[in-house]
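Here the structure comes first, spelled out in structure tokens, and everything after it is commentary.
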Amino acid sequence: MYALMAGQEVCLLPEGGTPAPARLDEAERQRPRWVWADTRESYPPLVAAGRRVSRCHDITLTESLLLAHDGRYGEARSAEAAHARLHGLPVPDDADGPAARQDTLFEPERLRLGPAELAEVLHDQLRRIEALPEPGRFRLLVAAESAGALAAAEMARDGMPWRRDIHDALLTGLLGPRPVHGMRPAKLQALADEVTAAFGHQVNPDSVQQLVKAFKGAGLAIRSTRSEEIRQLDHPAVRPLLAYKELARLYSFHGWVWADQWVREGRFRPEYVVGGVVSGRWATSGGGALQIPKVMRKVVVADDGWTLIVADAAQLEPRVLAAMAGDVGLAGAAGEIDLYSALATSFGGQREQAKLAMLSAMYGGTSGDAPKLLAVMRQRFPDAYRFVEDAAKAGEDGKIVRSWLGRTSPPPSPRWRELVAGPDGNRAARDRGRFTRNFVVQATAAEWALAMLAVLRGRLPEPARLVFFQHDEVMVHCPLDLAEPVRAAVTAAAAEASRLLFGGTPVRFPMEAVAVSCYADAK
DNA sequence: AATTACGGCGCC
DNA sequence: AAAGGGCGCCGTAATT
């Protein structure tokens, strides 16, 4: 049973029938799959009112996946656009595109689809999905993507526990007391002064130009001011400069100003963007939730009487590669908890060598020992090797590639085609090859994680809450006495995701969940 | 004054 | 000769 939400209107949509008006409560009792143009618009008000729904079909996210599968990149993906295309009408720009934001004052009110039109678009999408070569997989992708949108809205509401008092103490300890606006914190200023003293003249450590010039004046030519390069130098400014860089980033990215903006009522509430990365990983539109530095983890503390269940999938990407490629040898190693240790004997007994070989295969690495290790991989794990090589070759040839469930890479840009035809053509081709090589693995890993999240969300006992999701890691906040059931739910969700994507693969996807009161204790 | 591009670095 | 994928966000510098 589908239930439609078009603006304020709610309708029930029986299989093959037409939408009939209904009340929200009445519709929800049928446990329907909710259909709406955009979860980001329709769901937050429900969540704010204390409601949750179990599943949905997000028209916009689905349209985006379908267009991409068709090799159509950059076309408007809103429900209104999908409806317009269906009827050969002029297609409106996406409302959230940067171009559409200009002149909003004079733009006409955004066209909204009514229930009948929304149903039309839904049926069109379902029909297009059935026409795909792997409709079952794509249906799973659409369901997982839509469930992700629900989870993202809920997490934005629930938020990750964030102790401002601990945060403030951490910042004060590292930087000195919070400064008045426009000033550097005391310890940061002291380091900047040390840098200046070391050069014998005023140097702003935030300025790349000034640093390059200052080091040049000291007889040290540098190509960049990256920490790794600065670290190699023999100069009294090096120590305070490196310390400055580290603390300055903490201050500006996750300092007091950031907390004022993003932490309220003891919760950090980031804005996730589902499908924000072409590979299907989530992005964030503010708050930098996916870049929280590890030193900040001690600030994330469960409420009294509650606990944090933290879990991440171990070595997800090589396992996904093993499962996708159907590589028997690699799948054997991926049947172990530590995949890299299991591979070590194949790579001269060194775990690190095995890890580097796998990463090089998935990222297209070629430096250092990579060529040698890749040659070993080609021999020992030919199916996995060929799988990523084929993806790279497709990218170099300007073709699109797809994830396991059918998420599709963007086609090359016209600019890329120009470059490939030009003098640096090989370079451009190889760059894209690395992208498509990585895409097939990263996108499928994202699918596994999304499926796991969707299953876990459905299995959490009340009042446990998902509070964080980062590529291959989840965090649940729950009362202490639910720690075991939640841990079990995580394990079960990982197993179910593996089954949903890969059926009876011998590859294991270990996902161990630990109960901690503080995030910093999770690893 | 406001916007855009770049270097750098945090996370996976 | 060497060449690793994906992001977001800051401050500075360049551009309008």
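Residue numbers begin at 1 in each chain, while the letters A, B, ... track the order of the sequences.
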Next on the checklist: Can you see if the side chain of A/N438 gets near the phosphate of C/dG4 - specifically, an N or O under 4.0 Å from OP1 or OP2?
Outcome noted: no

Item to check | Donor-acceptor contact present, side-chain A/T39 to main-chain A/L150, <3.5 Å | outcome: no

Checklist entry - The side chain of A/S367 lies closest to which of these nucleotides: B/dC11, C/dA3, C/dG5? => result C/dA3

Next on the checklist: Any base atoms under 4.0 Å from A/R430, or only sugar-phosphate, or nothing? Heavy atoms, all strands.
Outcome noted: base

Next on the checklist: For C/dC10, does the base pair up with any side-chain atom of A/R249 as donor and acceptor (N or O, under 3.5 Å, distance only)?
Outcome noted: no

Next on the checklist: Could you tell me how far apart A/L290 (CG) and C/dC7 (P) are, to the nearest whole angstrom?
Outcome noted: 12 Å

Checklist entry - Between A/L321 (CG) and C/dG4 (P), how many Å, whole number? => result 20 Å

Checklist entry - Between A/L374 (CG) and C/dA3 (C1'), how many Å, whole number? => result 13 Å

Next on the checklist: On the nucleotide B/dC9, are OP1 or OP2 found under 4.0 Å from the side-chain N or O atoms that A/S227 carries?
Outcome noted: yes

Checklist entry - side-chain hydrogen bond (donor to acceptor under 3.5 Å, both in side chains) with A/T408: which of A/H69, A/R72, A/R402? => result A/R402

Next on the checklist: Counting the atoms with a prime plus P, OP1 and OP2 as sugar-phosphate, which does A/R432 contact under 4.0 Å by heavy atoms, base, sugar-phosphate, or nothing?
Outcome noted: nothing

Checklist entry - Contact class for A/Q209 (heavy atom, under 4.0 Å): base, sugar-phosphate, or nothing? => result sugar-phosphate

Checklist entry - Does A/S360 make a side-chain N or O approach to OP1 or OP2 of C/dG4 shorter than 4.0 Å? => result no

Next on the checklist: Regarding A/T366, tell me which of base, sugar-phosphate or nothing describes its non-hydrogen contacts under 4.0 Å with the strands shown.
Outcome noted: base

Item to check | A/V277, nearest nucleotide to its side chain (from C/dT12, C/dC7, C/dG5) | outcome: C/dC7

Item to check | Qualifying residue for salt bridge (charged side-chain N to carboxylate O under 4.0 Å, His left out) with A/D338, from A/R351, A/R508, A/K355 | outcome: A/R351

Next on the checklist: Could you report the tightest heavy-atom contact between A/E145 and A/G275, atom names first, then the distance?
Outcome noted: OE2-CA, 3.8 Å

Next on the checklist: Using OP1 and OP2 only, check whether a side-chain N or O of A/K294 sits under 4.0 Å from B/dC11.
Outcome noted: no

Next on the checklist: Could you tell me how far apart A/F268 (CZ) and C/dG8 (P) are, to the nearest whole angstrom?
Outcome noted: 14 Å

Checklist entry - At under 4.0 Å between heavy atoms, what does A/G276 touch on the DNA or RNA strands: base, sugar-phosphate, or nothing? => result nothing

Checklist entry - Base, sugar-phosphate alone, or nothing: which one does A/F253 contact when heavy atoms must sit under 4.0 Å apart? => result base

Checklist entry - Has the side chain of A/R281 got a donor or acceptor that lies under 3.5 Å from a partner of the other kind on the base of B/dC12? => result yes

Checklist entry - Counting side-chain heavy atoms from C-beta on, which of C/dT12, C/dG5, C/dG6 comes nearest to A/S207? => result C/dT12

Next on the checklist: Rounded to whole Å, please give me the gap between NZ in A/K213 and P in C/dA13.
Outcome noted: 10 Å

Checklist entry - Do we see a donor-acceptor contact under 3.5 Å between the side chains of A/Y385 and A/Q379? => result no

Checklist entry - Taking the side chain of A/S252 as heavy atoms from C-beta outward, which of B/dC12, C/dG5, C/dG11 is closest to it? => result C/dG11

Next on the checklist: Tell me the interatomic distance from A/W258, atom CH2, to B/dG10, atom P, rounded to whole angstroms.
Outcome noted: 16 Å

Checklist entry - Which part of the nucleic acid, if any, lies within reach of A/D431 when heavy atoms closer than 4.0 Å are counted: base, sugar-phosphate only, or nothing? => result nothing

Item to check | Between B/dC11 (P) and A/M475 (CE): distance, integer Å | outcome: 14 Å

Checklist entry - With a 4.0 Å cut-off on heavy atoms, is A/L316 in touch with a base, just the backbone sugar-phosphate, or nothing at all? => result nothing

Checklist entry - Checking all strands, does A/Q470 fall into the base, sugar-phosphate, or nothing category for heavy-atom contacts under 4.0 angstrom? => result sugar-phosphate

Next on the checklist: Between C/dG5 and A/Y363, is there a base-stacking contact, meaning the centre of the base's six-membered ring lies under 5.5 Å from the residue's ring centre while the planes stay under 30° apart?
Outcome noted: yes

Checklist entry - From the list C/dG6, B/dC12, C/dC9, which nucleotide is the closest neighbour of the side chain of A/T284? => result C/dC9

Next on the checklist: So for A/Q291 and C/dG8, does any side-chain atom that can act as donor or acceptor lie under 3.5 Å from a complementary atom in the base?
Outcome noted: yes

Checklist outcome for this item: A/A283 has its side chain closest, among C/dG5, C/dT12, C/dG8, to C/dG8

Checklist entry - To the nearest Å, how far apart are A/Y272 OH and B/dC12 P? => result 13 Å

Checklist entry - Is the A/H235 to A/F199 ring centre distance short of 6.0 Å? => result yes

Checklist entry - Listed by chain and number, what are the side chain to side chain contact (heavy atoms under 4.5 Å, CB included) partners of A/V295, not counting sequence neighbours? => result A/L250, A/P293

